[in-house]
Amino acid sequence: MTDIAGAIDYDVLVVGFGPTGAVAAGRLGRLGHRTLVIDRLTDVYDKPRAIALDHEIFRHFDNMGLTEAISPHIEPFTASEHFGVDGQLIRRIDMVAKPYPLGYTPSMVFSQPAVEAELRRHARSFSNVHAELGVELLGLVQTPDRVEAQLKDGDGRQRSVTARYVIGCDGASSTVRQIAGLGLEDLIFDEPWLVVDVRVDENAIARLPQCSAQFCNPARPVSYLIGPKNHRRWEIMLLPGEDARQMERPDNVWKLLAPWLTSEDGELWRAASYRFHALVADEWRNGRILIAGDAAHQQPPFIGQGMCQGLRDATNLVWKLDHVLRGVSSDSLLDSYTAERKQHVIELTGKIKAIGQSICERDPAAARRRDAQILADGGGKPLLLTRQEIIPPLRAGCLSYREMPARGTLFPQPRIARGAASGLLDEITGPGWRLLIDGRSNDAASILSLGLTRADMSVAAIASAGMGCANALEETEGVLASWFDRHAVVAAVVRPDHYVFGTARNATELGDLLAEVDLRRRDVPAGQDRIPDLKMERTP
Ligand SMILES: O=C(O)CCc1cccc(O)c1
């Protein structure tokens, strides 16, 4: 690949080198696209903002070859215990049990500055990715086949570059979104909170709660999160009349932390006040300009999905841009980006809001009613939820037209025997388009031969030891066998972002499904991508 430093024409310009921009640039880099990524700031922000990620995102990092580099900065997320008005346990949110569906710990905490530095390093490792820091975007002009971007360097010098597409990953106050004229829809949530990060001294850690917690006390709701190593986070609701800037002052912060710690017990890493709100862009695309991450949506943090949503955007968009840039698909495939991601964000934000509203209840009588209701939902005991059940599927976009089991859900990743050891399926098939077949099915051999005519997909039959067709891979934990059984299907077509395009119960249905893949990828007809009518509950 050629070194592209100093070029003036690119395939993609990525604006913003935070996690979403770095993942977009790294993925475009691996796919061979000439990419310029710019950021206004000259360094990684040295304080954590996101703290949680999940197995879907870790799978992307693993696919990108980052596991070894980022694992030292990641730990399993503890369960979260939610306590009611009288301090009683009302709800417990945990991970799904083993065997883990995607092959990784389902929920994790991480140290953002360290992981972000690795994401940047990875993006820059491709000679076809050029990163420029301290560079500001001034303007964008679309021509029929390019976007011209006006840039300002750190020394004030102005210049322009062109790109076939621009992705705005430039955060909540996105310049790209504003220039592209993409509006924000208010999903109606607006609460003032103070986020406090502490590096706690070793001898004080044992005195702190050993689970993450939501103290749903109407006098002052507080979230407590156990981050990696000695990082602990408190999110503290600000009360009417409290001045956000004043509350960030260390003396006030330590007063708020008094139930848990004193200033002798650790180092204040960050105290920042935010309005937790919920917003989504009306459209995520204007011609050759697209937006992702906080530029396209913002949500309250209550289940730790903020960064995950941004990285889902980047992964969704990059495989589609790759198809368009390689001429595999027409650029109408990019319309499915808004259709898929906007619906997903609206639906997940609705669930986050519902949890947030229950945590933020300030009226003691209403809070007691809430506690009683949650306990009743748990059959008289604390309600048990898993974080993963809260994440919705994709419902519209580049998916089979027909409703069918598992369409739009995340495909699992079984562990596969490899000699005396084992590995994960993606290591064998890669993360492109895949046809995965239940090796136990009577049709496995004919389905396999149908799949083998496809040059654009990796094809594999999978079965447990001693139960498969001759050419089946051998899974060691039964994850996929139970998935096929649960959905009563024998084959799945899976997209490069691991979402299920569609499933089939036999060879005939698979033939139809594969024809549909070709149709959908080539041209996604307008109207088929309409977002289902997901009404947000709006607070009056
Ligand atoms: O999933 C949970 O148990 C809580 C996740 C979380 C992460 C970050 C902030 C926050 O308020 C909650």
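Owing to the predicted nature of the structure, the values given are computational and were not obtained by experimental measurement. Numbering of ligands and ligand atoms starts at 1, following listing order.
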Quick test: of every protein heavy atom, which one is nearest to [atom], and how far off is it to 0.1 Å?
atom: atom 10 (C) of ligand 1; answer: Pro301 O, 3.1 Å
atom: atom 7 (C) of ligand 1; answer: Gly304 CA, 3.3 Å
atom: atom 4 (C) of ligand 1; answer: Phe302 O, 3.6 Å
atom: atom 11 (O) of ligand 1; answer: Glu235 OE1, 2.5 Å

How are the rings of Phe276 and Trp193 set to each other: parallel, tilted or perpendicular (split at 30° and 60°)?
parallel
For Trp319 and Tyr499, what are the C-alpha separation, side-chain angles and deciding distance, and is it a ring pair (Phe, Tyr, Trp, His ring centres under 6.0 Å)?
CA-CA 12 Å; Trp319 75 257; Tyr499 284 88; over 10 Å; no
Under 4.0 Å, heavy-atom basis, I'd like to know which part of Arg233 is in contact with ligand 1: side chain, backbone, both or neither.
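Under 4.0 Å from ligand 1, Arg233 contributes no heavy atoms.
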Using a strict 4.0 Å cut-off to heavy atoms of [X], name the atoms of ligand 1 that fall inside it.
X: Ile51; value: 8 (C)
X: Arg387; value: 1 (O), 2 (C), 3 (O)
X: Phe77; value: 2 (C), 4 (C), 5 (C)

Do NZ/NE/NH1/NH2 and the carboxylate oxygens of Glu202 and Lys229 come within less than 4.0 Å?
no
Below 4.0 angstrom, N of the basic side chain to O of the carboxylate: do Glu427 and Arg415 qualify?
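Answer for the salt bridge query: no.
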Answer yes or no for Leu225: is there a heavy-atom contact with ligand 1 below 4.0 Å?
yes
Answer yes or no: does an N/O atom from Ser80 fall short of 3.5 Å to an N/O atom of ligand 1?
yes
Find the distance between CG (Asp197) and CZ (Arg233) and round it off to the nearest 0.5 Å.
4.0 Å
Going through the distances and angles, do Phe411 and Trp483 end up as a ring pair (Phe, Tyr, Trp, His ring centres under 6.0 Å)?
CA-CA 9 Å; Phe411 191 71; Trp483 187 88; 4.9 Å; yes
Among Asp426, Thr315, Asp497, the one residue meeting side-chain hydrogen bond (donor to acceptor under 3.5 Å, both in side chains) with Asn63:
Asp426
